[in-house]
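The next block holds one structure in the form of C-alpha cells; read it before the comments.
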Amino acid sequence: MKTLKDVKVGETVKVVKLYGEGAVKRRIMDMGITRGVEIYVRKVAPLGDPVELNVRGYELSLRKADAEMIEVE
C-alpha cells in the first residue's frame with residue numbers, strides 16, 4: 001500500500017482511500033482531499049514535516065502523520 005507520505009516531490013498521485021477516524025478524517029475531507037482527487041507534491045520541509053501539496057488548485061500543508069492516512073496510486 002502506497003500512502004501520500006511515500007510520494008516524492010514533483011509527483012502527481014490520485015487518492016484511493018482515506019483511513020482514520022471521526023474528526024481527523026473529517027478534517028482531511030474538509031481540506032478537499034477525497035477519493036479520486038489528484039494531488040501534486042510541491043515540496044517537503046527540510047526535516048520531512050510538513051509536506052506541501054497542490055489540491056484542487058490551491059496549496060495545502062499536511063503533517064506526515066495525516067499523510068500516512070491517505071492511500072494513493
Full working for side chain to side chain contact (heavy atoms under 4.5 Å, CB included) between Arg56 and Thr34 = CA-CA 10 Å; Arg56 298 179 190 254; Thr34 54; 2.6 Å; yes
Heavy-atom closest pair, residues Val15 and Val72 = CA-CG1, 4.2 Å
Expected list for residues 22-30: side-chain donor-acceptor pairs under 3.5 angstrom, two or more places apart:
residue: Arg26; atom: NH1; partner: Asp30; partner atom: OD1; Å: 3.4
residue: Arg27; atom: NH2; partner: Asp66; partner atom: OD2; Å: 3.3

One should read off an interatomic distance between Leu62 CG and Leu4 CG, to the nearest 0.5 angstrom, of 6.5 Å
Linking I/L/V/M/F/W/Y whenever any side-chain heavy atoms sit under 4.5 Å apart, do Val16 and Leu53 land together?
-> no
Side chains of Val7 and Val51 in contact at under 4.5 Å (non-hydrogen atoms) = no
State whether the side chain of Asn54 and the backbone N or O of Tyr40 hold a donor-acceptor pair below 3.5 Å, judged by distance alone.
-> no
Sorted by chain and residue number, the salt bridge (Lys or Arg N to Asp or Glu O under 4.0 Å) partners of Glu38 (sequence neighbours excluded) come out as none
Does the pair Lys5/Glu68 count as a salt bridge with the N-to-O cut at 4.0 Å?
-> yes
Closest contact, heavy atoms only, Gly36 versus Lys14 | O-CG, 3.6 Å
About how many Å separate CD1 of Ile70 and CG of Leu18, when rounded to the nearest 0.5 Å?
-> 6.0 Å
Is it true that Lys17 and Glu71 make a salt bridge, defined as a side-chain N closer than 4.0 Å to a carboxylate O?
-> no
Would a 4.5 Å heavy-atom cut-off, applied to side chains only, mark Asp6 and Glu11 as touching?
-> no
Got a sec: does the CD of Glu21 have more than 12 other heavy atoms crowding it under 6.0 Å?
-> no
